[in-house]
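As a basis for the values below, the full set of heavy atoms in this structure was taken, side chains included, without hydrogen atoms, waters or symmetry mates.
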Amino acid sequence: MKTIQKIITVSLFCISYITSAQQIQTDRPNETESPNAISKHHVQVESGFSFEKENDEKTFEIPEIVLRYGVLKNLEFRFESALKITDEESKNDFGIEPVRVGFKYHILDHKNAIPDLALLGRVSIPWMADNVYQEPKYSPELRVLSQHELSKSSHLGYNVGVHWLPDTAKPEYVYMLSADYSITKKIKLVVETYGFTEPHHHAKNTADAALLFLVTNNLQLDIIAGTGIMHDYSNKFAEIGLSFRI
């Protein structure tokens, strides 16, 4: 009987160690979403404090938050929102942005030349916001998420998708490309470029760089800064964040 108890105890310890050894993987702080989904019945909270300046308008999000829950294997539910402050010369606004709800489904694991592949869908709910930030229409978005493993320490990720604008319900096309490199086991560097474009309009393109700090396997800190490029030079932003897994 004691032998069986020892075997069970050792087995449980090994399972616990394997679970804790899996490092947290986040969608923040960059715009490119990872194809990885949260494990079943796990919760992950990703939060950040951001500052953005475009021409004379300053925007603060204190904080923005993404709540991710593993519903089934390879399927997660997502809840996203932010407490936003907009500061312009003529007015100051403060309130909660429209809540976005959605899902991510991991379709394929990488194998040789085949990348990790996932589908992300979400919708912005116009009435789930403070009056100052309420939008006239629902704003759905669909993205295909992909990631190639270049080596054990580096990856190349990209997203493509479409977002229907809340003011006009017209489509806006989105595209993201990011590369990451693990400098050490605890520190990762990410560089990224992404853009948004409407038909018959100039694309708004951005470039940024981020550092991710793994405090524990379930806790991560990050910092990011970026700027608009090409037709969007006036846009500058910076952000710090914290993510943890339960």
Lys188 atom NZ, neighbour heavy-atom count above 12 within 6.0 Å: no
Main-chain N/O of Ile38 paired with Glu76 side-chain donor or acceptor, under 3.5 Å: yes
Lys104 (side chain) donor-acceptor with Asn36 (main chain) under 3.5 angstrom: yes
Shared hydrophobic cluster for Phe196 and Val123 (ILVMFWY, side-chain gaps under 4.5 Å): no
Beyond-backbone contact of Phe94 with Val132, side-chain heavy atoms, under 4.5 angstrom: no
Whether over 12 other heavy atoms sit under 6.0 Å from Lys186 NZ: yes
Side-chain touch Asn205/Tyr175, heavy atoms, less than 4.5 angstrom: yes
Donor-acceptor under 3.5 Å (Ser139 side chain, Trp164 main chain): yes
The single option from Glu33, Glu239, Glu46, Glu61 passing salt bridge (charged side-chain N to carboxylate O under 4.0 Å, His left out) against Arg28: Glu239
Hydrophobic cluster identity match, Ile187 and Ile223, side-chain contacts under 4.5 Å: yes
Test item: Thr59 and Phe237 side chains (from C-beta on) under 4.5 Å apart, heavy atoms: no
CD-CG distance between Glu192 and Asn159, expressed to the nearest 0.5 angstrom: 8.5 Å
Verdict with supporting geometry, Glu31 and Arg143, salt bridge (charged side-chain N to carboxylate O under 4.0 Å, His left out): CA-CA 12 Å; Glu31 185 70 27; Arg143 287 193 199 181; 3.0 Å; yes
Tyr181-Val191 co-clustered via ILVMFWY side chain contacts under 4.5 Å: no
Shortest non-hydrogen contact between Ala113 and His148, atoms and distance: O-CE1, 3.6 Å
Steps toward side-chain contact (heavy atoms from CB on, under 4.5 Å) verdict (Phe244, Asn218): CA-CA 5 Å; Phe244 60 90; Asn218 294 313; 5.8 Å; no
Point-to-point distance, once rounded to the nearest 0.5 Å, from CG of Asn74 to CG of Asp109: 7.0 Å
Residue pair Ile125, Tyr138: steps toward the side-chain contact (heavy atoms from CB on, under 4.5 Å) verdict: CA-CA 5 Å; Ile125 303 174; Tyr138 287 85; 3.9 Å; yes
Heavy-atom closest contact (Asp208 atom, Gly226 atom, distance): CB-CA, 3.7 Å
Any donor-acceptor N/O pair, Asp222 side chain to Gly241 backbone, under 3.5 Å: yes
Lys/Arg-Asp/Glu bridge criterion (N-O < 4.0 Å) met for Glu80, Arg122: yes
His41 and Tyr69 aromatic ring geometry - parallel, tilted or perpendicular at 30°/60° bounds: parallel
Common cluster, Val45/Leu212, ILVMFWY with side-chain heavy-atom separation under 4.5 Å: no
Presence of salt bridge, Glu54 and Lys204, under 4.0 angstrom: no
Spacing of CG belonging to Asn92 relative to CG belonging to Asp87, to within rounding of 0.5 Å: 4.5 Å
Presence of salt bridge, Glu57 and Lys84, under 4.0 angstrom: no
Under 3.5 Å donor-acceptor, Lys53 side chain and Asn55 backbone: yes
Point-to-point distance, once rounded to the nearest 0.5 Å, from OG of Ser146 to CG of Asp116: 7.5 Å
Side-chain donor/acceptor of His106 to backbone N/O of Leu108, under 3.5 Å: yes
Nearest heavy-atom neighbours spanning Pro171 and Pro199: O-CD, 3.5 Å
Heavy-atom check, side chain of Thr206 versus side chain of Ile229, under 4.5 Å: no
Tyr105-Val144 co-clustered via ILVMFWY side chain contacts under 4.5 Å: yes
No-hydrogen, no-angle side-chain donor-acceptor test under 3.5 Å, Thr86 and Tyr133: yes
Rounded distance [0.5 Å steps], CZ in Arg68 versus CZ in Phe103: 13.5 Å
Lys91 bridged to Asp93 by N-O distance under 4.0 Å: yes
Phe51-Phe60 aromatic ring centre distance below 6.0 Å: yes
Distance, nearest 0.5 Å, that separates CG of Leu117 from CD1 of Ile107: 4.5 Å
Taking every non-hydrogen atom, the tightest pair across Lys137 and Ala169: CD-CB, 3.8 Å
Side-chain donor/acceptor of Arg245 to backbone N/O of Gln25, under 3.5 Å: no
Nearest non-hydrogen partners of Gln23 and Leu214, listed with the distance: CD-CD2, 3.3 Å
Side chains of Pro126 and Gln134 in contact at under 4.5 Å (non-hydrogen atoms): no
Asp27 to Ser34 - nearest heavy-atom pair and separation: OD1-N, 3.0 Å
